[in-house]
Amino acid sequence: GPPAGPGAQAQPPGPGAFDLGAQSGRWAAFQERHRLSCEEAARLLLDAYEYRGLVKHTGGCHCGAVRFEVWASADLHVFNCNCSICTKKQNRHFIVPASRFKLLKGADNLTTYTFNTHCAQHTFCKTCGVQSFYTPRSNPDGYGIAPHCLDDGTVQTIVTEDINGKEWEKAVKEHKTIRDMSKP
């Protein structure tokens with residue numbers, strides 16, 4: 001608003017606004033330096049707080065029609081499954097809750113393949129055929145992300161664990177944590 005004259009009282013922030021106090025100068029400089037709107041800067045702050053200890057990875061398919069972001073550790077725990085489809089596709093993946101995954105573009109360019117129990121949703125790009133993520137049978141409320149489809153720069157380490165998908169029910173029953181990996 002206009003500058004307040006002598007004796008004028010400061011107005012409280014309006015709906016949706018907040019008083020940054022001594023941090024207002026830093027906030028404005030941060031927005032300007034990174035060319036961010038107030039909403040974009042707030043989203044960064046909220047993401048950093050909500051996903052403490054995690055990093056935002058971005059990725060997608062080969063042709064670029066499908067793009068996503070996912071919040072996960074920089075140190076990935078990747079499953080190497082030997083079931084029939086994972087073997088054919090060389091599907092290695094890490095699992096995240098649905099709340100930490102966001103499809104940025106390409107929903108209309110995805111198609112889905114299912115078989116057997118039809119629980120797993122094997123999604124892939126209609127143009128290039130790459131499966132950069134899918135909905136795993138072990139975690140139908142989450143996503144299995146292909147680490148090789150992430151953009152460079154955010155992954156520090158990858159530890160791979162073999163899963164005996166040929167005996168899926170037994171392997172999942174014996175695994176102590178796989179079913180909980182999609183829990184927020």
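Numbers here simply count residues along the sequence, with the first being 1. Side-chain atoms are counted along with the backbone in the values below, which use heavy atoms only and exclude waters and symmetry mates.
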Requested in this report: Step through it carefully: locate the ring centre of Phe133, locate the ring centre of Phe101, and say whether they are under 6.0 Å apart.
Outcome: yes
**Report entry** Sub-6.0 Å ring centroid separation between His77 and Phe94
**Finding:**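 Not close enough - the centres of the two rings lie 6.0 Å or further apart.
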Requested in this report: Test side chain to side chain contact (heavy atoms under 4.5 Å, CB included) on Gln31 and Cys38 and set out the steps.
Outcome: CA-CA 7 Å; Gln31 282 184 261; Cys38 190; 3.7 Å; yes
Determine whether [X] and [Y] make a side-chain contact, defined as any pair of heavy atoms from C-beta on separated by less than 4.5 Å.
X      : Y      : result
Val96  : Ile145 : yes
Lys170 : Asn164 : no
Val78  : Asn80  : no
His175 : Phe79  : yes
Ser132 : Cys125 : no

Are [X] and [Y] linked by a side-chain donor-acceptor pair shorter than 3.5 Å?
X      : Y     : result
Gln90  : Arg92 : yes
Thr157 : Asp75 : yes
Asp151 : Thr58 : yes

**Report entry** side chain to side chain contact (heavy atoms under 4.5 Å, CB included) assessment of Ser138 paired with Ile95
**Finding:** CA-CA 9 Å; Ser138 64; Ile95 299 171; 3.8 Å; yes
Query raised in the report: Do Lys89's NZ or CZ and the ring of Phe124 fall within the cation-pi criteria of under 6.0 Å and 45°?
Result: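 Verdict for Phe124: no cation-pi partner in Lys89.
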Requested in this report: With sequence neighbours excluded, tell me which residues meet side chain to side chain donor-acceptor pair (under 3.5 Å) with His34.
Outcome: none
Return yes if some donor-acceptor pair links the side-chain N/O of [X] with the main-chain N/O of [Y] below 3.5 Å, else return no.
X      : Y      : value
Glu40  : Ser37  : yes
Ser24  : Gly21  : yes
Ser73  : Leu54  : no
Asn139 : Asp141 : no

Query raised in the report: What are the two closest non-hydrogen atoms of Pro147 and Leu76, and how far apart are they?
Result: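 Reported closest heavy-atom pair: CB-CD1, 4.0 Å.
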Query - ILVMFWY network linking Tyr134 to Val130, side-chain heavy atoms under 4.5 angstrom - result: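 No, no single cluster joins them.
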Query raised in the report: If two hydrophobic side chains count as joined below 4.5 Å and joins carry through other members, does Ile163 share a cluster with Val172?
Result: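 Linked within one cluster.
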For the [atom1] atom on [X], are there more than 12 heavy atoms of other groups (residues, nucleotides or ligands in this structure) within a distance under 6.0 Å?
X      : atom1 : result
His62  : NE2   : no
Lys102 : NZ    : no
Arg35  : CZ    : no

Query - Carboxylate-amine/guanidinium proximity below 4.0 Å for Arg100 and Glu69 - result: no
Report, one line per pair, each donor and acceptor closer than 3.5 Å where one atom sits in a side chain of residues 105-116; sequence neighbours left out.
residue	atom	partner	partner atom	Å
Lys105	NZ	Gly64	O	3.2
Asn109	ND2	Thr127	OG1	3.0
Thr114	OG1	His118	ND1	2.7

